[in-house]
Participant: 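I'd like to ask some things about the structure below.
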Amino acid sequence: MLKITDANNFRRTLAGLCLIAAPLVVLIQEWIAPEIGGEGEARDVLATIAENPGRYQAAAFLGLLAAILLIPALLGLVRLLSRRKVVLGHVGGALALIGAVGFACNNVFNFVYLQMVEGGADLGEMIALRERVKGSVGLLTIELMFAGGLLLGLVLLAIALWRGRVAPRWASVLIVVFVVADFFLSGNGKVFDLIVHALLVVGLGGFGWSILRMSDADWERGYTPSPTEVGVRTQPRVQ
């Protein structure tokens, strides 16, 4: 039960809910985003946006929302590793947080592309501008933050959670499978994109549900078993 006045309970509940909500928002974004036709060149991208401005704008807003939800979600996963696999978990968490920032910035660029097709702008000039933006150092940096940071960070977090035994192991497996599937299958069609992101929903959702079911005491100590749970004597044996 959520207790607003209990900071420890609030952080645990927020992390669990965001781990469930963030990938769901991403999945909805993938579902409503218009599929780019043609060869995926600048002309095809801008033409698709011009034909579906409402859907494209809604998808961009959902992407920003998902990036925001990812921050407490990822911090929650790092919190689980406060006493186990600390270095690996914190490195993975830091990379994933950088990826979440890159994800947000990437969606901001989507709003820029939306403006490029509105107001009677010259299509030829906008196509040339889109190509220059696509090859710019700034956008390449953002894409590296997003793809490299988030995907690598999630893998490291999944490995740390697996080795630390502080969350369902099947969820860690699904996160790694998602990253591999995203690398090979994403961009090959709407169906593949939805299937790939469904893996993320189940994987992160599994972590979230585990956190929501956790007691506040377990959350506070990083889910480290208490002496009574592992059968360790709290008093020295009398010889």
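Counting begins at 1 with the first residue of the sequence.
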Participant: Would you call V78 and L157 a side-chain contact if the rule is heavy atoms closer than 4.5 Å?
Facilitator: yes
Participant: What's the verdict on side-chain contact (heavy atoms from CB on, under 4.5 Å) for F178 and L154, showing C-alpha distance, side-chain angles and the deciding distance?
Facilitator: CA-CA 10 Å; F178 157 72; L154 285 175; 4.2 Å; yes
Participant: L77 vs L204, test: side-chain contact (heavy atoms from CB on, under 4.5 Å). Steps then yes/no.
Facilitator: CA-CA 10 Å; L77 291 181; L204 288 184; 4.3 Å; yes
Participant: Report yes or no: do L17 and V201 belong to one cluster of Ile/Leu/Val/Met/Phe/Trp/Tyr joined by side chain heavy-atom distances under 4.5 Å?
Facilitator: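 Yes, same cluster.
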Participant: Using every non-hydrogen atom in the two residues, find where L212 and T13 come nearest and quote the distance to one decimal.
Facilitator: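 That closest heavy-atom pairing would be CD2-O, 3.7 Å.
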Participant: Quick check for you: to the nearest 0.5 Å, what is the distance between R132 atom CZ and L139 atom CG?
Facilitator: 13.5 Å
Participant: Quick one: do L151 and L174 end up in the same hydrophobic cluster if we chain Ile, Leu, Val, Met, Phe, Trp and Tyr together by side-chain heavy atoms under 4.5 Å apart?
Facilitator: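 Yes, it is one cluster - the side chains of L151 and L174 are joined through contacts under 4.5 Å.
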Participant: Do N9 and D216 pass the side chain to side chain donor-acceptor pair (under 3.5 Å) test, and can you show the C-alpha distance, the side-chain angles, and the key distance before you say yes or no?
Facilitator: CA-CA 6 Å; N9 175 275; D216 290 339; 3.2 Å; yes
Participant: Checking side chain to side chain donor-acceptor pair (under 3.5 Å) for the pair N110/Q57: CA distance, chi angles, key distance, verdict?
Facilitator: CA-CA 8 Å; N110 290 337; Q57 185 177 58; over 6 Å; no
Participant: Is any side-chain heavy atom of W170 less than 4.5 Å from a side-chain heavy atom of V202?
Facilitator: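 Answer yes - side chains close enough.
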Participant: What do the steps show when you test S172 against V176 for side-chain contact (heavy atoms from CB on, under 4.5 Å), and what is the final call?
Facilitator: CA-CA 7 Å; S172 295; V176 176; 5.9 Å; no
Participant: Would one find more than 12 heavy atoms of other residues, nucleotides or ligands at under 6.0 Å from atom CH2 of W31?
Facilitator: no
Participant: Between G203 and A171, which heavy-atom pair has the shortest distance, and what is it?
Facilitator: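 Taking every non-hydrogen atom into account, O-CB, 3.4 Å.
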Participant: Measure the shortest side-chain to side-chain distance between L95 and L156 over non-hydrogen atoms and say whether it is less than 4.5 angstrom.
Facilitator: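 Yes. Closest side-chain heavy atoms under 4.5 Å.
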Participant: Following the transitive rule for hydrophobic clusters with a side-chain heavy-atom cut-off under 4.5 Å over Ile, Leu, Val, Met, Phe, Trp and Tyr, establish whether L129 and I127 coincide in one cluster.
Facilitator: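 Yes, L129 connects to I127 through the hydrophobic network.
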Participant: Under the side-chain contact (heavy atoms from CB on, under 4.5 Å) rule, what do N106 and E143 come out as? Steps first, then yes or no, please.
Facilitator: CA-CA 7 Å; N106 195 57; E143 291 178 346; 4.3 Å; yes
Participant: Counting only N and O atoms by type, is there a donor-acceptor contact under 3.5 Å from the side chain of S210 to the main-chain atoms of G206?
Facilitator: no
Participant: With a 4.5 Å cut-off on side-chain heavy-atom distances among I, L, V, M, F, W and Y, is there a chain of contacts connecting M145 to V91?
Facilitator: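 Different clusters: M145 never reaches V91 through Ile, Leu, Val, Met, Phe, Trp or Tyr contacts under 4.5 Å.
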Participant: Please report the interatomic distance CG(L194) to CD1(I28), rounded to the nearest 0.5 Å.
Facilitator: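 Taking CG in L194 and CD1 in I28, the distance rounds to 11.0 Å.
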Participant: Once rounded to the nearest 0.5 Å, what's the spacing between atom CG of L150 and atom CG of L70?
Facilitator: 6.5 Å
Participant: How long is the span from the CZ atom in R163 to the CZ atom in R169, to the nearest 0.5 Å?
Facilitator: 10.0 Å
Participant: Does the side chain of R79 reach to within under 4.5 Å of the side chain of R11, using non-hydrogen atoms?
Facilitator: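 A side-chain contact under 4.5 Å is absent here.
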Participant: When clusters are formed by joining ILVMFWY residues with side-chain heavy atoms under 4.5 Å apart, either directly or through shared neighbours, do L46 and V112 land in the same one?
Facilitator: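 Same cluster.
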Participant: Determine the interplanar angle of the F61 and F111 rings, folded into 0 to 90°, and report it as parallel if under 30°, tilted if 30 to 60°, perpendicular if over 60°.
Facilitator: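 Perpendicular.
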Participant: Taking side chain as C-beta onward, heavy atoms only, is L80 less than 4.5 Å from F207?
Facilitator: no
Participant: Do V179 and L200 have side-chain heavy atoms sitting under 4.5 Å apart?
Facilitator: no
Participant: Can you tell me how far the CZ atom of R130 sits from the CZ atom of R43, to the nearest 0.5 Å?
Facilitator: 13.5 Å
Participant: Do the non-hydrogen side-chain atoms of V196 and E30 ever get within less than 4.5 Å of each other?
Facilitator: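 A side-chain contact is absent here, since even the closest heavy-atom pair is not under 4.5 Å.
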Participant: I'd like to check P34 versus I49 (side-chain heavy atoms, cut-off strictly below 4.5 Å). Are they in contact?
Facilitator: no
Participant: Looking only at non-hydrogen atoms, find the nearest pair between G102 and I142 and report the distance.
Facilitator: O-CG2, 3.4 Å
Participant: Cation over ring, R12 on W219, under 6.0 Å and within 45°?
Facilitator: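 Ring-cation test returns no.
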Participant: Tell me whether the count of non-hydrogen atoms from other residues, nucleotides or ligands lying under 6.0 Å of CZ in R55 goes above 12.
Facilitator: yes
Participant: Of all heavy-atom pairs between A104 and L64, which one has the smallest distance, and what is that distance?
Facilitator: O-CD2, 3.4 Å
Participant: Give the minimum heavy-atom separation between G76 and A15, together with the two atoms involved.
Facilitator: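 Shortest heavy-atom separation between G76 and A15 comes out as CA-CB, 3.7 Å.
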Participant: To the nearest 0.5 Å, how far apart are CD1 in I71 and CG in L14?
Facilitator: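 One finds 11.0 Å between CD1 of I71 and CG of L14.
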Participant: Any side-chain to backbone donor/acceptor pair from K190 onto A33? Under 3.5 Å, distance only.
Facilitator: yes
Participant: Which atoms form the tightest heavy-atom contact between E118 and P53, and what is the distance?
Facilitator: OE2-CB, 4.2 Å
